[in-house]
Structure formats: structure tokens, C-alpha cells
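Index from 1, following the sequence.
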Amino acid sequence: MVDVLVAALAILLWLVTLVNVIAQRRTRAVTRTWLVGIFSMLAVASSLSISVVTAGVAQVSGVLSLADAIERTGVIGAGFCAQSLLRRIREPDRGQLSWRSGRSRALTIALGVLWAAFVVGNVRGSEVFGSFARPEFWPTVYMAVFLGYMAYVLLDVMIGCWHYASSAGGALGVGLRFMAAGCASALMYVAFKVAALALVDLGPRMPAFLESTIGRTDVVLAGVLVAVGASLPAMVRRWQVASRWSRSYVAHDRLYPLWSALIAVMPGLALDPPGSRIRDRLRVRDSDMRLYRRVIEIRDGRLELRELFAPSVVAANRKLALDRGLHGRAAGAFVEAKVLEAALLAVTTGQAIDEPWVGAIPEGESTADEVEWLLEVAKQFSPSRRLWHNGASIRSGAGRIA
């Protein structure tokens, strides 16, 4: 079961790496480069910790614990990248990588001691490194330097993420808190492994199954929290883009009956002539621009019809709106819709209005408010069926208003 969780974590981390690689190629941002480093190394480490992969590396290389050494090197590298990313955010002008910096020296020492212990330990006959706490000297040094470095890095990153979360706010702030929680979970892993090392020295050894299960579960939890936290701002942005597209698409579709009725008598107003509603619904690209054009064309059509707005229609429908319990914006939209219906009917019958109603004023101070108003009008718009041809357009015999 734990192996399945590790495999799922590896897949998640590879997906997050791919997303960050694509974003880095598009933006060329240094911070994105560090994110690619973090998640690519964590993805490699997670992949190598899957039992079948570990066994395969041992069989090919002939070194039983080589996968573990590479895995821990990847985790150390990911920690260094996370630390460097926070330094870059905290001090943009001083966040450049330098081998004389404290974090670079700590990385060099940790990797040097880790691999020296691994090589010397293998030469002297120790075959198992890292998976479990062992009483041998070199495996203990190997684990101790790894745990010491990770405690140093994780504490630094956790404090940094939590510190910036309060000032970042929004999805980024929540994501940073997730990452801080991931670091805390990883610190629990470090504490657990230190306890296992201590128990080996004291005599009573921790059961192998318990050590493996708890240790790998902590690692999976930490990896998931960090991956989710780092991906959350991008996921929220994509959700916002998708939500905006959905709102524009739905509004564009709901305005179709009103728009097509107006354009049918004034086809020259439309950049694209109205087709069937099914065809209109299949156009899913540039929904914001198409909605904006639809609003403009409805307004242009209304201006063309203004000489046919009958005061008697306005008075009758204001009373009807009150009888139906409509008030405020809803009542105004109802009157507007019925005035447009009557004006379209007047076009088809050739009727003229001696003194047109001039009180109908388009509502909306912004495009969003304009769309909401027109949606209210479209909701109340239901012209006589004699105006329609195939349920979409006014009779072809209707002419354009001069």
C-alpha cells in the first residue's frame, strides 16, 4: 500500500515538474527555474524509492543501496533549491548563487560526507544504507549527515514559507502554508529517523516494518503537501480563467435570441451573420471578445429601432410588470424587452410611430454590468412566433430601418 502511495506521489511530482518546465520556458523566470529544480529532484527521488525501481537499480549497478544514495542526493538538492528560491524572493539582488555562500558550503559538505560514507562503507562490506537505522559506523554517518542537513534546510524553508504566507495572501498565501506544513511533515520524518538511530545505539531496535511504514508515510505526506502548495496558485489562476470563459460563453449563448432577432432585420450591423444556435454554440474560442461584440451589436440594433419605441407599449408593460410583481431592475428589463418586441413587429408590418418614446436609456456603467442588464432583457424577450423563421431569424421579408 505504501509503495502505491509513493508511486502516486512520483507521478504527481513529475506532472508538477512538467507544468513548471512549460512555465519556465515561457517566462524565463529565475524563480521558476528553482521550482523546476525542486520538483524534478523530488520526482527522481520518489521514483527511486519505489521498491521495483530500487531493486532494478541494484541489479543493474551491482550496488545494493545505490538507488537510496541517489534518492537522498536528490532530496538534498531539492532542499538546496527551495532554500535558494526563498533567498531569491527575500533578497532579489543578493539571491545569486555563489559557492562562497553558507548554503552552498553546507550543500558541498553534506554531499561530500554522504557519498564518502557510502563509498567507504560499501568498500568495507556494509551493503545496506539508508533504508533502516543500523549499528554500523558508516551507515550511521551516512544517515546522520543526511538528517542533519535536511533539518537545517527544512527549518529554514518552513520559517520562510510561513513568514511570507501572511503577506502574500490569497492562493499564494495558502500555497505557502501548505508548503510550510509539508516541511513540518518532513521534519517529523527527520525526528523519527533520529529516534530510530538512537534506539539502535541504545540496544532495542525499532521493528523494520514500523520504521519503513511510518518513515515512507511521512515522506509521502510531505511531498503531497509541498506539491499541492506549489501548484495551488497556478491551479487557482487556471480555474479563474476557466470560470471567466464559462461565464462569457454562457452569457454569449443566452443573448443569442435577442441578438439574432435584432440582426435579422439589420444584418449589416453584425460582423458575422447569425447562423443556427447549434453552430453558434460550437464557437468556443475568444469568448470574451465575441461576447463584447454581441453586446455592441445588440446596442447598435436597439439604436436603429429607437424610432419605433411606442409610448403606449411602455405604459402598458409598466403596469403589466407591476401586476406580475416585478420591481426595479427586473421591471425595467421587462419593459425594455417588450418595447423591443413591439419595435421588431412594427418593422415587419411597416408601422410608423409619430412620437417615439425617448425614455429608454441603456443601463450599465461597465461591460460586466451591461452584460447583466442585457441578460435580464433577454430573459424577458419572447417575440411573437410570426417574427421567426426556423426559430432563429425574423422573416426574410423584413427590411432594414432607414
Subject >> Tyr256 six-ring face occupied by Arg277 cation (under 6.0 Å, within 45°) >> reply: no
Original post:
Heavy-atom count around Phe178 CZ within 6.0 Å, excluding the residue itself: above 12?
Top reply: no
Original post:
Would you say Leu282 has more than 12 foreign heavy atoms packed within less than 6.0 Å of its CG?
Top reply: yes
Original post:
Which residue pairs pass the side-chain hydrogen bond (donor to acceptor under 3.5 Å, both in side chains) test when at least one of the two sits in residues 52-61, sequence neighbours left out?
Top reply: none
**OP:** Could you note down all residue pairs passing ring pair (Phe, Tyr, Trp, His ring centres under 6.0 Å) where residues 225-254 supplies at least one of them, sequence neighbours left out?
**Re:** Trp245-Tyr249
Original post:
For residues 45-74, which residue pairs qualify under ring pair (Phe, Tyr, Trp, His ring centres under 6.0 Å), counting only residues two or more places apart or in two chains?
Top reply: none
Is there a donor-acceptor pair closer than 3.5 Å between any side-chain N or O of [X] and the backbone N or O of [Y]?
| X | Y | value |
| --- | --- | --- |
| Ser40 | Gly37 | yes |
| Ser287 | Val284 | no |
| Ser185 | Asp218 | yes |

Any salt bridge linking [X] with [Y]? Criterion: basic side-chain nitrogen under 4.0 Å from a carboxylate oxygen.
| X | Y | value |
| --- | --- | --- |
| Asp369 | Arg329 | yes |
| Asp286 | Arg293 | no |
| Glu341 | Lys338 | yes |
| Arg299 | Glu370 | yes |

Original post:
Rounded to the nearest 0.5 Å, how far apart are OG of Ser65 and CZ of Arg72?
Top reply: 9.5 Å
Subject >> Between CG on residue Leu85 and CZ on residue Phe80, distance to nearest 0.5 Å >> reply: 11.5 Å
**OP:** Could you tell me which non-hydrogen atom of Trp115 sits nearest to which non-hydrogen atom of Thr73, and how far apart they are?
**Re:** NE1-OG1, 2.8 Å
**OP:** Check the pair Trp138, Asn122 against side chain to side chain contact (heavy atoms under 4.5 Å, CB included), reporting the backbone distance first and the verdict last.
**Re:** CA-CA 9 Å; Trp138 290 112; Asn122 272 278; over 6 Å; no
**OP:** Verify side chain to side chain contact (heavy atoms under 4.5 Å, CB included) between Ile298 and Arg302, making sure each step is shown before the conclusion.
**Re:** CA-CA 6 Å; Ile298 288 174; Arg302 184 190 181 282; 5.5 Å; no
Original post:
Is there side-chain contact between Arg324 and Leu320, with at least one heavy-atom pair below 4.5 Å?
Top reply: yes
Original post:
Is any side-chain heavy atom of Val16 closer than 4.5 Å to a side-chain heavy atom of Asn20?
Top reply: yes
